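Just below is one structure, and these are the notes that go with it.
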Amino acid sequence: MKKLIKTVVLILGLVFVSGCFNKPKLTKEQQNNVAIRIYRNYDVQEIEFLDFDKNQSTGSYELVLKLNNDENKKTIILIREIEFLDKSEGELSLNSLGRFKDLKRKEMISGEVDLSSIKIKYLGEK
């Protein structure tokens, strides 16, 4: 019986550890696409990507970021399908209780966006 319990605990431990290593990856290009979408709608000078993970219960992805190095401008963006991150076109709203109202542009920027005007801290960078 003790051997069975040890085996079950070992298997559960391996499952837990393997789940930690299967964290979804977010490429630099995908982070640039998010930065472009945000910049088109909001007046930002800095975007810091803090975390990216998959919610196992809902199947959606959660992207945590901070704008303009302001702790009050942290937000979580929920993404249903990871393919959403593969394009820089389309709208992205940061409508979290009006915290980003002061950054919202009167008109969305269309066309090409030059990312050199934005300081970007990518995931994994210090």
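In this chain, numbering begins with 1 at the start of the sequence shown. Only a predicted model underlies this, so the values are computations on that prediction, with no experimental measurement involved.
A donor-acceptor pair shorter than 3.5 Å cannot be found between the side chains of Asn68 and Glu46.
Hydrophobic clustering of Ile, Leu, Val, Met, Phe, Trp and Tyr side chains at less than 4.5 Å, counting indirect connections, unites Leu67 with Ile118. At a threshold of 4.5 Å between side-chain heavy atoms, the hydrophobic network of Ile, Leu, Val, Met, Phe, Trp and Tyr places Leu123 and Ile36 in one connected group. Under the 4.5 Å side-chain contact rule for hydrophobic residues, Leu115 and Leu94 share a cluster.
When the salt bridge (Lys or Arg N to Asp or Glu O under 4.0 Å) test is applied to Glu107, no partner is found at least two apart in sequence or on another chain.
How far OG of Ser60 is from CD1 of Ile82: 11.5 Å, rounded to the nearest 0.5 Å. Atoms OG and CD1, on Ser88 and Ile38 in that order, are 12.5 Å from each other to the nearest 0.5 Å. Of the inter-residue distances, the one linking Thr75 atom OG1 with Glu62 atom CD reads 11.0 Å to the nearest 0.5 angstrom. Rounding to the nearest 0.5 Å gives a distance of 7.5 Å between CG of Leu92 and CG of Asn41.
No more than 12 heavy atoms of other residues, nucleotides or ligands shown are found within 6.0 angstrom of NZ on Lys119.
For Tyr61 (side chain) and Ile77 (main-chain N/O), no donor-acceptor pair under 3.5 Å exists by modelled atom type. Without hydrogens or angle criteria, Arg105 side chain to Tyr39 main chain gives a donor-acceptor distance under 3.5 Å. At least one donor-acceptor pair under 3.5 Å links the side chain of Arg99 to the backbone N or O of Asn72.
In this structure, the side chains of Phe49 and Ile120 come closer than 4.5 Å at one or more pairs of heavy atoms. Under the 4.5 Å side-chain criterion, counting only non-hydrogen atoms from C-beta, Leu50 is in contact with Lys74. Side-chain contact check for Val34 versus Leu26: every heavy-atom pair is 4.5 Å or farther apart. When side chains are defined from C-beta on, Leu85 counts as touching Phe52, because their heavy atoms get closer than 4.5 Å.
In terms of heavy-atom proximity, Ser117 sits nearest to Asp114 at OG-O, 3.0 Å. Scanning both residues, Ile109 and Val113, for their nearest heavy atoms gives CG2-CG2, 4.4 Å. Taking every heavy atom of both residues into account, Lys54 and Pro24 meet most closely at N-CG, 3.7 Å.
In this structure, Lys73 forms a cation-pi arrangement with Phe100, its terminal cationic atom sitting closer than 6.0 Å to the ring centre and no more than 45° off the ring axis.
Hydrophobic clustering, defined by side-chain heavy atoms of Ile, Leu, Val, Met, Phe, Trp and Tyr closer than 4.5 Å, leaves Met108 isolated from every other such residue.
Applying the side chain to side chain donor-acceptor pair (under 3.5 Å) test to pairs two or more places apart or on separate chains, those with a residue in residues 28-37 are Thr27-Gln30, Gln30-Asp86, Asn32-Tyr122.
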